[in-house]
Protein chains: 2
Amino acid sequence: MVTITEIAQALGITPSTVSRALSGSPRVKASTKEAVLRKAAELGYERNVMASNLRKGRSDIVGIVVPRINREFFSSVISGAESVLNEAGLSVLICQTHERYEDEVRALRTLKNNRVSGVIMSHSIGSKDGTHILEILGDEMPLVQFDRVFSYLRGAKIVNDNFEGAYKATCHLVEEGYRHIGTLAGYLNSAAYALRLKGFRRALADAGLEPAAEYMDSIVPETGRAAALDALRSGCDALYSAGDFSALGAIRALQEAGSRIPEDFGIVGTANESFTALMSPSLSSLALNPRELGRQSAQAFLDGAADGEIIVPMELVIRQSSNHKQAICQK
Amino acid sequence: MVTITEIAQALGITPSTVSRALSGSPRVKASTKEAVLRKAAELGYERNVMASNLRKGRSDIVGIVVPRINREFFSSVISGAESVLNEAGLSVLICQTHERYEDEVRALRTLKNNRVSGVIMSHSIGSKDGTHILEILGDEMPLVQFDRVFSYLRGAKIVNDNFEGAYKATCHLVEEGYRHIGTLAGYLNSAAYALRLKGFRRALADAGLEPAAEYMDSIVPETGRAAALDALRSGCDALYSAGDFSALGAIRALQEAGSRIPEDFGIVGTANESFTALMSPSLSSLALNPRELGRQSAQAFLDGAADGEIIVPMELVIRQSSNHKQAICQK
DNA sequence: GACAAAGATACAAACGTTTGCACAAATTTC
DNA sequence: GAAATTTGTGCAAACGTTTGTATCTTTGTC
């Protein structure tokens, strides 16, 4: 492995100058800089990152901590963050917590030990509060939280605009002509779901309507089925679901009950999971935009991870399951 | 940040002994070792990984290079590998190539510069051959390839048993009573798809049957639709698809053409994408087992990444789309 | 009790880079 | 034209760990 010392010897100058030349310091003459660059290329020099890190006291690595990487949402966030960070010459060290507090602690310690230049994370379900995070990271390490955030911690927080998103989704159902609209609201102990419910209610209130039904169960297909059948009995003609999986269950149940979608019943889900486009009828969904969440998180880190919340808009993807007007017209 | 030197001073010994004590060298007395450990805990010492890496000439980081992280297959591989590597005290540095040759080169350089202790990768579509990989990594760096492998490179290769898997899937269709079986074979310039076609043919040959049709298009829903309609016209009653998306398209087309699945027509896909379980009818699929691929890749690295191929079995997940016998019986 | 062998620790030199400070040369200022 | 400023480079000390070799201490052996 060729070092800056060898380059220096080859050119009859000192390692310091070579170092400065390579890092583009204004303190070295243009001609020397050029000579160094040429020599470096000639010898196939590559900076020893470990030595550099040691001297500088930090690495060019950003740690990302997520519950699981093999979830489309998280992997897309990572993908987005990685793109931005790579562009800035930084690499990404990934840790999974498997939703466990212990693994989260271990991951943060690993990152701290590797002297990463910052941490971007979404905490695990197992972490009931966030005190351990600052305990491990200390006061210096830049911290960016996304999606699942402890709002009382220092640093930047990047979240979807769940209120506005749910508001838009619900308005869409109203505009399509549905009038008895209910919701599958999901776990209300999560801030995201609570905001979606608020957005739903506000949209109806602004339209002069009452919520036709509110189901606070978890958002899996089974609860979707049960809620949809109940909603049908109580005269609902549309549902906004805070998750796609519960919306899927709802559609199946409604179809089996002989209800036509979107003619008789409209549904909008949330998350824009890949299967939503593949179903029949395809499912309208409020997209979470995870890549953008990742990009913004990375950018927030690059900008210094200052305290504050950045809100990323959600996009409503309209598909067959809520396309009431057009379905009616075609008949 | 507390260093081994401070621990040494506090105990009146030298940094060397502290270092050895912390790394569990047999050359230090049990009592000293214990004293060091206690003092280290007391002062909250944490090893400076960068200094350690510099001295040792390598890091405790393994690089993983994949085309895209936000694909279920790759993220699951990473997840599996990460689990095993973490267990062994190693961290994971992730790079995406976005299927581009240039990004792959850049990623490998980054890893090389970070002096990772090994590379686990699946090459991008843009890499027509693998010479650049060894050019960058040199002769020393342990290399493990998975799924998309250049077989002529040194190091370990972990691949699915595509032949055996397709064989099993096709046999399953035969056992269910279908007799005019075709295939959506996919891109044959990829080794995986070529092997699946071979497995398909062998299974039919062993059952004394002829392939009823073979479609060599890419495996997207659209080609699946077209192929399925053609297959129906030419008297097929089943298809093995080398991808789930083409199988999805096929099912939709067949349903629209009035064919009942699985009563009139059976289908098995490949990859076990998450949507396969959510469809109606649900799609039988040959699972790729990416987590296991990841685990095996990590293990192969830990074992020294010796030359050779490790073949991971695929699992056939039987769902409604091929459940001919039971569907018939129920009537 | 002397001497060898082993056991435990100390010494010191790396690893390759960065960076504050010093210094020399070139340029500007009055 | 001397002093002041700028510009470019060299010197040397870090950064904190690891590890080969040397040294000291203990134990064992005859």
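Naming convention: chains lettered A, B, ... in sequence-line order (proteins, then strands); numbering from 1 in each chain. What you see is a predicted model, and the numbers here were worked out from it, not measured in a lab.
Summarising the geometry, the separation between NZ on B:Lys29 and C1' on D:dT27 is reported as 13 Å, rounded to the nearest angstrom. Going from atom CG of A:Asn53 over to atom C1' of D:dT17 covers 14 Å, rounded to whole Å. A straight line from CD1 of A:Ile13 to P of C:dT17 spans 13 Å, rounded to a whole angstrom. Computed from coordinates, the A:Leu54 CG to C:dG16 C1' distance equals 9 Å when rounded to whole Å. Atom CG of B:Asn48 is separated from atom P of C:dC15 by 18 Å (rounded to the nearest Å). Distance CD1 (B:Ile7) to P (D:dG16): 13 Å, rounded to an integer number of Å. Rounding to whole angstrom units, CE of residue A:Met50 and C1' of C:dC15 are separated by 8 Å. If you measure from atom CD of A:Glu34 to atom P of D:dG8, you get 14 Å, rounded to the nearest angstrom.
Ionic pairing of A:Arg148 and A:Glu99 is present here: one or more N-O contacts between side-chain nitrogen and carboxylate oxygen are shorter than 4.0 angstrom.
Of the possible donor and acceptor atoms, one in the side chain of A:Lys33 sits under 3.5 Å from a partner among the backbone N and O of A:Ser25. Under the 3.5 Å distance criterion, the side-chain polar atoms of A:Ser297 are matched with a main-chain donor or acceptor of A:Leu293. With hydrogens and angles ignored, the 3.5 Å screen pairs no side-chain donor or acceptor of B:Lys157 with any backbone N or O of B:Phe146. For the pair B:Asn162 (side chain) and B:Leu195 (backbone), a donor-acceptor distance under 3.5 Å is absent.
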Polar atoms only, N or O, under 3.5 Å: list the protein pairs with nucleotides 18-25 of chain D and their distances.
unit_1 : atom_1 : unit_2  : atom_2 : d
D:dT18 : OP1    : B:Arg47 : NH1    : 2.9
D:dT18 : OP1    : B:Ser52 : OG     : 3.4
D:dT18 : OP2    : B:Ser19 : OG     : 2.7
D:dT18 : O2     : B:Arg55 : NH1    : 2.0
D:dT19 : O4'    : B:Arg55 : NH2    : 3.3
D:dG20 : O6     : B:Arg20 : NH2    : 2.8
D:dT21 : O4     : B:Arg27 : NH2    : 2.7

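Between atom CG of residue B:Asp103 and atom OG of residue A:Ser83 there is a gap of 9.0 Å, rounded to the nearest 0.5 Å.
Closest contact between the side chain of A:Val28 and the listed nucleotides D:dT9, D:dG16, C:dT17 involves D:dT9.
Between A:Val49 and B:Thr14, the residue anchored closer to the 5' end of DNA chain C is B:Thr14, taking for each the nucleotide with the nearest heavy atom.
In this structure the side chain of B:Phe301 never reaches within 4.5 angstrom of the side chain of B:Val84, judged on heavy atoms.
Using a 3.5 Å distance cut-off with no hydrogens or angles, the side chains of A:Ser124 and A:Ser127 do pair a donor with an acceptor.
Rotation axes derived from the C1' atoms of the five outermost pairs at either end of the helix from C:dG1-D:dC30 to C:dC30-D:dG1 lie 40° apart, to the nearest 10°.
Between B:Ser19 and B:Ile4, the shortest heavy-atom contact is CB-CD1, 4.2 Å.
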